[in-house]
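Below: one structure, written as structure tokens.
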Amino acid sequence: MITYLEGEIRKIMSDDERFETIKIESKIREGVFHHVVKDLNTGKAVSCSCKCWSKGNKPCIGMRTVGYEI
């Protein structure tokens with residue numbers, strides 16, 4: 001797996017290049033960022049680094065900004 005930084009988007013390159021990580025600033029806490037993993041095939045968010053997703057499995061504002069399918 002190869003990772004590289006491109007502006008605000010860090011792409012995770014694999015054999016099929018299916019995901020990218022998007023850095024979105026929190027609207028509530030200044031200086032805090034959501035690292036949303038987006039599936040390039042569907043264009044929807046699949047994961048986030050925030051507590052809402054990692055602890056409660058609830059889509060956060062960052063995931064809803066990218067697009068999240070329930």
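You'll find the side chain of Glu20 reaches within 4.5 Å of the side chain of Leu40, heavy atoms only. Side-chain contact between Thr65 and His34 is absent, with no heavy atoms from C-beta onward closer than 4.5 Å. Asn41 places a side-chain heavy atom less than 4.5 Å from the side chain of Arg18.
In terms of hydrophobic clustering, with Ile, Leu, Val, Met, Phe, Trp and Tyr side chains grouped at heavy-atom distances under 4.5 Å, Tyr68 and Val66 are assigned to a common cluster.
In this structure, Lys23 forms a cation-pi arrangement with Phe33, its terminal cationic atom sitting closer than 6.0 Å to the ring centre and no more than 45° off the ring axis.
Atom NZ of Lys44 is surrounded by more than 12 heavy atoms from other residues, nucleotides or ligands within 6.0 Å.
Nearest approach of Asp39 to Phe19, heavy atoms of both residues: CA-CD2, 3.8 Å. Residue Ser54 comes nearest to Ser49 through the heavy atom pair OG-O, 4.4 Å, listed as atom of the first residue, atom of the second, then distance. Residue Ala45 comes nearest to Met63 through the heavy atom pair CB-O, 3.8 Å, listed as atom of the first residue, atom of the second, then distance.
Remark: the backbone N or O of Pro59 is paired with a side-chain donor or acceptor of Arg64 at under 3.5 angstrom.
In this structure, Cys50 SG and His35 NE2 are separated by 10.5 Å, a value rounded to the nearest 0.5 Å.
Exactly one residue among Val36, Val37, Thr21 makes a side-chain contact (heavy atoms from CB on, under 4.5 Å) with Ser47. That residue is Val37.
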